[in-house]
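The structure appears below as structure tokens.
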Amino acid sequence: MAATTLPATLAATLHGVAEVPGPLTEGRVLRALDSVIDPELDEPITDLGFVRSVTLTGSSVEVHLRLPTSFCAPNFAYLMASDAKDALTALPNVGVVTVELDDHHDSDIINSGLVADAGYKGTFLHEAENDLDELRATFQRKAHTAAMERSLTEFLRARPELAETALANVVLGDLPDDSAKAALLRRRVTIGLSTVDSASVLVDERGSPYPAVLAALALRRARSTRISIDGNAHFCRGLLATRYPGSEVDLMPKAEQSYFPLSSIIRTHKRKIA
Amino acid sequence: MYQKDGESYFIVDAHVALWDARPENQRNIHGKQFIDCFYDYHANLSPVSEKWPYEEYLYQGGERFIKDIFTDGYVDHAIFQPAHLGEFYNTGFGQTEEAFALTQANPGRLTYNHNFDPRNGEAGLDQLRADAERFNLKGVKLYTAEWHGDSRGYKLNDPWTYRYFELCRELGIRNIHVHKGPTIRPLDRDAFDVADVDHAATDFTDLNFIVEHVGLPRLEDFCWIATQEPNVHGGLAVAMPFIHTRPRYFAQIMGELLYWIGEDRIQFSSDYAIWTPRWLIEAFVDFQIPEDMTEYAPITIEQKRKILGLNAAKMYDIPVPVELQLPNADETATGPRQPERADLAPV
């Protein structure tokens, strides 16, 4: 499985973003920051309202980031801040790039590390044993699990007669070409899984399918992962708005529906029966 | 005791604190950051009518505590779960002397749990012996993200922690309440990882491990571990107030918990003074899984009675009137699972 070390590049590839040379604008800076994902929530930091300010001075750019609490996990904080710096440094015609994390209990450590391009281990010294590749990979796997659950839940919703055990036989080609499938395919690419039509949808992180007898349990487990991610997003979005009054205007609606009330399956079901 | 529609609910608030976060007790900026973070939780997730001014939030004192918990709060018995946070606060965050004095002044209504830090080594073991005797400890509250000199966290399966668990066993401290927070070394791992609970629960099957906040933000890992380890329980602190802000999401959390770990291992708590118990209890008794969410079975009155008090009462041998007691439910459909069924474990 390929652990991604250049998320901006990968994201640009996946989203088909072509870097056209041109003057640096706030819009270009923000589009570059769109590629920076909160690994835990699987959402861009621009949608989450984590970008506090963008200041352009000639070709130089200074970006300030903010998080929902002072005690947000410092590894995630560092990961997002350093990804932001990478994404901005990759912009054409950019001069000095400054990224600062505000109001975090480790702001000083993280900001010094960013200035020095010290890397994660260089920044946290004895507190880190390895770089963040494995951590990133863990959350990429979770993001895939959640995307898989969303797709299959939608699939079930459209087929009320289908038993959960039948999900073991669903392949990518069976899924409708919608945003849930597109999100699933992106996450499969990220963790190195096949995207061919004949590939099973309900798989573990190595791409191994589940037998029918375990399909329902696998879906329940994937659902608990999705609910956990959604819950964290509820906390983070709510706390950011409380901590920084006015920041709610920066909270963008999610680009793809990541929250399916389970009831919606049932509602559809009942309508169809009636 | 809370009564509604002819039903009586024996209430145990399994996670309360008497803290002092006033500026004079703040040791550094982190003391302020910590209470500010708590206050944001309080402000964001409380109904407007229950929201306190910041100044009142910094410190409540015993009188206010008694009023909020017992006079107004319907609670029959409350359990202190103090966080030490000695690196952030001069006399610590949880006020040991004040809370213990209150416990002695209110016999039968309060249990004082204390804490330990395995990084205190041998001296800490001696201290735990003394604390167990003085406080008559049945439980401890561990905050694995506690800062300690150069260290900013430990794990439940560290060798030194095991030394402390062995001593807990010897001293009759059976209930280990665990709060998982961020900033655990090494930082390159998942800072909220709950896997160490799994190891400790497997190796100390005679101790109860109550994972506070039902493992949030790792609900799924918590559910999975609790499914396999019958001595792992979930505390609802911090999950409770979703009942107000996001009731449909709260329904999903309850649905998942009842599905995975069942009704006998979930404990209510207000996490006072982050929230006050009164409105949470009223809301929970009135709560029901939305009818259209037939994915989950409705919550029964018996399940609510267990969660609101009977489960914690059983764990702490708190006397409950005979007519309010309930038998254990059958095992959940999911487990406890045999190790060979752990084939779904990697996410």
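Proteins get letters first, then strands, A, B, ... in listed order; numbering begins at 1 in each. What you see is a predicted model; the values in this text were computed from it and never measured.
Across every non-hydrogen atom of A:H105 and B:H30, the tightest pair is O-CE1, 3.5 Å.
Here B:C223 contributes atom SG and A:R221 contributes atom CZ; the two are 9.0 Å apart, rounded to the nearest 0.5 Å. Rounded to the nearest 0.5 Å, atoms CG (B:D221) and OG1 (A:T225) are 7.0 Å apart. Within the model, atoms CG of A:N75 and CZ of B:F192 stand 8.5 Å from one another, a figure rounded to the nearest 0.5 Å. Between B:R218 atom CZ and A:I229 atom CD1 the span is 8.5 Å, to the nearest 0.5 Å.
Across B:L219, B:L216, B:L45, B:D40, the residue that shares the most heavy-atom pairs under 4.5 angstrom with chain A is B:D40.
Distance alone, capped at 3.5 Å, is enough to place a donor-acceptor pair between the B:Y249 side chain and the A:I227 backbone. Although no hydrogens or angles enter the test, the distance criterion places no donor-acceptor pair under 3.5 Å between the side chain of B:N44 and the main chain of A:T242.
Only the backbone of A:H104 comes within contact range of chain B, with heavy atoms under 4.5 Å apart. Neither the backbone nor the side chain of B:F222 has a heavy atom closer than 4.5 Å to any heavy atom of chain A. Both the backbone and the side chain of B:P217 come within contact range of chain A, each with at least one heavy atom under 4.5 Å from a heavy atom of that chain. Within the 4.5 angstrom heavy-atom criterion, only side-chain atoms of A:F76, from C-beta onward, approach chain B.
A donor-acceptor pair shorter than 3.5 Å cannot be found between the side chains of A:S224 and B:E256.
Between B:F242 and A:H234, the ring-plane angle classifies as perpendicular under the 30° and 60° cut-offs. Using cut-offs of 30° and 60° for the angle between ring planes, the A:F71 and B:F88 rings count as tilted.
A salt bridge is defined here as a Lys NZ or Arg NE, NH1 or NH2 lying under 4.0 Å from an Asp or Glu carboxylate O, and B:E220 with A:R220 fails to meet this definition. Between A:D230 and B:R246, no side-chain nitrogen of the basic residue sits less than 4.0 Å from a carboxylate oxygen of the acidic one, so the salt-bridge criterion is not met.
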* Candidate pair B:R152 and A:F124, rule side chain to side chain contact (heavy atoms under 4.5 Å, CB included), full reasoning -> CA-CA 12 Å; B:R152 294 196 290 176; A:F124 283 102; 4.0 Å; yes
* Determine, stepwise, if the pair A:R223 / B:Y259 fulfils side chain to side chain contact (heavy atoms under 4.5 Å, CB included). => CA-CA 12 Å; A:R223 181 167 292 154; B:Y259 173 79; over 6 Å; no
